[in-house]
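One-based numbering, in listed order, for ligands and for the atoms of each.
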Amino acid sequence: MKRVYNFSAGPAVLPEEVLREAADEMLDYRGTGMSVMEMSHRSKAFETIITEAEQDLRELMNIPDNYKVLFLQGGASQQFAMIPMNLMKNKVADYIITGQWAKKAAAEAEKYGKVNRIASSADKTFSYIPDCTDLPVDEDADYVYICENNTIYGTKYRKLPDTKGKILVADVSSCFLSEPVDVTKYGVIYGGVQKNIGPAGMVIVIIREDLITEDVLPGTPTMLQYKIHADAKSLYNTPPAYGIYICGKVFKWLKNMGGLEVMKERNEKKAKLLYDYLDESRLFHGTVEKKDRSLMNVPFVTGNEEMDAKFVKEAKEAGLENLKGHRTVGGMRASIYNAMPYEGVEALVAFMKKFEEEN
Ligand SMILES: *Cc1c(COP(=O)(O)O)cnc(C)c1O
């Protein structure tokens with residue numbers, strides 16, 4: 001068996017310990033004689049899995065009691081519709097456009113109401129986070145929406161926008177559990193789990209209780225109502241059971257590592273190693289403003305497409321996989337999520353130095 005260093009932006013690397021444990025439990029989950037994939041979501045064994053997963057997540061993120069945790073299907077993209085359908089009471093929302101994912105979310109919300117794009121970094125290919133200290137927030141806005149870490153462009157909000165009292169909704173897909181957050185600053189925090197936590201197809205929604213109501217847009221499907229899922233504790237229908245099980249294991253792994261403060265330190269140390277090298281390299285350059293750099297996704301270029309392609313190819317041969325940048329940006333991107341060990345980034349930087357000397 002050979003494991004590579006996988007720098008994929010998502011689905012992405014998971015902790016090896018978690019994968020080994022899941023493998024050990026594949027045929028017989030703790031004496032049940034079956035896999036978690038095969039068991040009833042109403043069984044005692046699964047009830048323990050989902051209850052512990054929620055408890056561990058609450059502990060990790062210090063989630064207050066007046067927030068619900070929902071384990072849902074449809075990935076992050078389904079939230080692009082679910083958020084306006086459930087929250088657009090005045091049919092107005094403000095969006096800050098910092099990349100493809102925020103753009104897509106805004107376009108989807110526009111099907112349901114008026115969308116104001118109150119700030120954007122499109123003028124410089126989303127290479128920075130716009131100034132959000134004095135935004136033209138609409139008086140009628142039901143919420144202000146951000147994508148907190150921009151997976152494709154490699155930017156991250158270092159400070160949350162001043163929403164002037166409006167509810168903040170954040171897509172945290174690619175920075176979920178990478179550092180501590182103050183949940184009370186948000187109305188809704190959500191993320192697809194395949195970047196930093198578990199298998200694709202699942203999304204975790206952390207939502208303040210008072211935002212969960214029956215007063216949704218007319219025609220909202222049952223499956224897209226937060227209240228339905230909150231009342232049923234994410235068991236309205238068959239939930240993404242195996243996904244919840246793996247996420248639960250990752251939560252325990254994070255707790256064993258020491259929690260989110262420790263993850264933040266580790267992530268900063270990993271990112272620093274790569275960024276410091278990019279800042280001194282003659283061949284490779286980072287593409288975003290230093291103050292807005294993401295700890296999770298690090299895009300870089302040589303400035304020469306052929307050289308970029310050569311690098312990606314040779315890196316793959318050296319066991320460093322999925323370094324090709326997003327098709328809309330080109331160049332390279334190293335995603336260095338929680339489960340990427342420091343040694344993986346060391347190996348990448350060593351390879352980049354060698355490549356620089358040879359080219
Ligand atoms: C990957 C990603 C998405 C889309 O996730 P899906 O689960 O594929 O819908 C949305 N937002 C961000 C920030 C992402 O990184």
Side-chain angles (χ1 to χ4, degrees), residues 6-14 70-85 93 95-109 111 120-122 125-130 143-158 160-161 168-179 181 186 188-207 223-224 229 234 239-240 242-244 246-247 250 267 288 292-299 322 324-329 333-340:
N6 179 7
F7 294 94
S8 169
V13 57
L14 286 171
L70 308 176
F71 299 115
L72 307 179
Q73 306 187 32
S77 300
Q78 184 146 285
Q79 295 306 308
F80 297 172
M82 213 162 156
I83 286 157
M85 287 178 134
Y95 280 69
I96 301 175
I97 310 298
T98 51
Q100 297 284 350
W101 296 118
K103 225 161 110 175
K104 280 192 176 166
E108 188 71 11
K111 293 183 173 176
S120 167
S121 51
T125 11
F126 302 117
S127 58
Y128 68 102
I129 298 290
Y143 57 87
V144 174
Y145 182 102
I146 62 167
C147 177
E148 196 163 329
N149 184 79
N150 295 282
T151 325
I152 296 172
Y153 301 93
T155 60
K156 159 109 205 285
Y157 286 79
R158 291 274 137 237
L160 293 175
L168 179 65
V169 175
D171 174 356
V172 299
S173 296
S174 49
C175 59
F176 224 157
L177 302 177
S178 63
E179 58 186 304
V181 291
Y186 304 78
V188 181
I189 303 178
Y190 80 90
V193 302
Q194 74 274 29
K195 309 292 161 69
N196 217 4
I197 310 178
M202 179 177 155
V203 57
I204 297 176
V205 179
I206 300 159
I207 177 169
M223 275 293 285
L224 298 190
H229 295 290
S234 302
Y242 199 78
I244 293 168
I246 298 291
C247 289
V250 172
N267 289 329
V288 309
D292 300 323
R293 282 172 163 175
S294 165
L295 293 181
M296 297 282 102
N297 311 99
V298 183
N322 290 315
K324 194 173 187 304
H326 190 268
R327 60 197 146 76
T328 60
V329 189
R333 172 180 48 174
S335 294
I336 49 176
Y337 297 118
N338 282 343
M340 173 59 65

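Ile97 approaches Lys103 most closely through the heavy-atom pair CG2-CG, 4.0 Å. Considering all non-hydrogen atoms of both residues, Leu14 and Ala339 come closest at C-CB, 3.5 Å. Gly198 approaches Ile246 most closely through the heavy-atom pair CA-CG2, 4.3 Å.
Applying the 4.0 Å criterion to heavy atoms of Thr151 picks out, from ligand 1, the atoms 12 (C), 13 (C), 14 (C), 15 (O). The Gly75 neighbourhood of ligand 1 comprises atoms 7 (O), 9 (O), with distances under 4.0 Å to a heavy atom of that residue. Here is the list of ligand 1 atoms found below 4.0 Å of a heavy atom in Gln194: 5 (O), 6 (P), 7 (O), 8 (O). In summary, the atoms of ligand 1 found under 4.0 Å from a heavy atom of Cys147, numbered by their order in the structure, are 13 (C).
Ranking the protein heavy atoms by distance from atom 14 (C) of ligand 1 puts Lys195 NZ, 2.8 Å first. Distance from atom 5 (O) of ligand 1 to its nearest protein heavy atom, with residue and atom name: Ala76 CB, 3.4 Å. What sits closest to atom 11 (N) of ligand 1 on the protein, heavy atoms only, is Asp171 OD2, 2.6 Å. Given atom 9 (O) of ligand 1, the protein heavy atom at minimum distance is Ser77 OG, 2.6 Å.
Annotation: Gln78 places no N or O atom under 3.5 Å from an N or O atom of ligand 1; distance criterion only.
Among the candidates Asn149, Asp292, Asn150, the single residue satisfying the side-chain hydrogen bond (donor to acceptor under 3.5 Å, both in side chains) test with Thr155 is Asn150. Remark: of the listed residues Asn267, Asn297, Asn196, Asn6, Asn297 is the sole one forming a side-chain hydrogen bond (donor to acceptor under 3.5 Å, both in side chains) with Tyr337.
Tyr145 has its side chain out of reach of Val188: every pair of non-hydrogen atoms, C-beta onward, lies at least 4.5 Å apart. Ile129 is not listed as a side-chain neighbour of Ser121, based on a closest heavy-atom distance of 4.5 Å or more.
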